[in-house]
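First comes the structure, then the notes that go with it.
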Amino acid sequence: MSDEYYDPNAALFAGEEPEQKSEEQEAFEYVYGRNPNRVSALTDLWFENLMTKINEMELPSEEAKMKMIFKLTAGGILDMLGDSQAPGVAPDVMCDLDMFMGLALTNLRFKVDLLREQQKALQTIDPDQFENDEEYVRALSDAEDAWWDIAQPMLDKRNPRDAIKETLRKYGLE
């Protein structure tokens, strides 16, 4: 059914009932589905001033101009993220962001997906080797934690935790 013919009140009159979404689906849509709207809001908030500032700078090339636009925009978003958190929570949020960037940069550097590799390793644990589901879940959790400290050939024999720390150190984020 096309959106232009959709009647939001149709369910009141025996029309189609809206699809029930899980909490996880609703959270995903809220976090990621609204990003185009957030981009529009940030454009209205920053674009004009950003372009004025860029045009006042004497940058040597279009590439330098584009890089500066990106840096100023990213810096503004990071400031907003930090400012939007309660003071006691903000350091933890930024630490989590740093770790996620460290993981992504390590994946890029070594051309690997560490989370996928970890999942492959966990899939080798046979649930039939445990007396009950609780023991199996505990073993999975222990293996998941231990995996980050095991040297991996794809990381030139570094363990994932050290490879990520090394990456973060390069950017002064360790």
Side-chain angles (χ1 to χ4, degrees), residues 1-3 6-42 74-75 77-174:
M1 178 179 291
S2 139
D3 283 337
Y6 176 72
D7 179 0
N9 296 314
L12 298 174
F13 305 101
E16 290 184 29
E17 288 190 33
E19 175 187 340
Q20 292 294 330
K21 296 178 183 168
S22 69
E23 282 184 37
E24 187 176 280
Q25 288 171 317
E26 287 181 6
F28 185 87
E29 286 181 14
Y30 183 80
V31 172
Y32 299 104
R34 291 189 184 184
N35 279 348
N37 304 66
R38 291 181 182 109
V39 168
S40 294
L42 288 169
I77 290 170
L78 291 170
D79 288 347
M80 285 182 89
L81 178 61
D83 291 345
S84 71
Q85 306 302 309
V89 174
D92 291 335
V93 170
M94 299 312 276
C95 180
D96 289 346
L97 178 62
D98 292 347
M99 292 305 293
F100 188 79
M101 285 191 304
L103 172 66
L105 287 163
T106 301
N107 284 345
L108 183 65
R109 175 179 172 200
F110 290 98
K111 296 175 180 48
V112 67
D113 182 338
L114 291 174
L115 295 177
R116 183 172 291 142
E117 294 298 325
Q118 180 192 46
Q119 288 304 308
K120 282 196 266 184
L122 294 176
Q123 288 172 353
T124 65
I125 299 173
D126 183 4
D128 296 332
Q129 300 300 311
F130 300 91
E131 289 186 27
N132 56 47
D133 287 344
E134 187 177 298
E135 284 186 24
Y136 173 62
V137 169
R138 190 176 318 117
L140 277 177
S141 179
D142 292 346
E144 184 177 27
D145 291 342
W147 184 87
W148 295 98
D149 293 313
I150 298 170
Q152 301 293 327
M154 75 212 77
L155 299 174
D156 296 334
K157 299 185 181 175
R158 290 172 185 79
N159 69 53
R161 191 177 316 279
D162 287 345
I164 292 169
K165 284 181 182 178
E166 185 179 297
T167 298
L168 289 172
R169 198 174 308 117
K170 175 181 175 186
Y171 294 94
L173 296 172
E174 185 188 22

Polar side-chain atom of [X] near backbone of [Y] as donor-acceptor pair, under 3.5 Å:
X: R158; Y: L155; result: yes
X: R38; Y: V31; result: yes
X: E135; Y: N132; result: no
X: S84; Y: M80; result: yes
X: N159; Y: Q152; result: no

First locate atom [atom1] of [X], then atom [atom2] of [Y], and finally report the distance between them rounded to the nearest 0.5 Å.
X: Y30; Y: E23; atom1: OH; atom2: CD; value: 15.0 Å
X: E117; Y: L115; atom1: CD; atom2: CG; value: 10.0 Å
X: M101; Y: I164; atom1: CE; atom2: CD1; value: 12.5 Å

Check: [Y] and [X] side chains under 4.5 Å, non-hydrogen atoms:
X: M154; Y: F110; result: no
X: L168; Y: M99; result: yes
X: L103; Y: T167; result: no
X: Y136; Y: D128; result: no
X: F130; Y: R138; result: no
X: L105; Y: F100; result: no
X: L122; Y: Q119; result: yes
X: E174; Y: D98; result: no

Salt bridge flag under 4.0 Å for residues R34 and E29: no
Between E166 and R161, does at least one N-O distance fall below 4.0 Å, as a salt bridge requires? no
List the steps, then state whether side chain to side chain contact (heavy atoms under 4.5 Å, CB included) holds for L97 with L78. CA-CA 10 Å; L97 178 62; L78 291 170; 3.4 Å; yes
Closest heavy-atom pair and its distance - [X], [Y]:
X: A90; Y: G82; answer: CB-O, 3.8 Å
X: P160; Y: I150; answer: CD-O, 3.3 Å
X: G33; Y: P36; answer: O-CD, 3.4 Å

Should we count CG of D133 as having more than 12 external heavy atoms under 6.0 Å? no
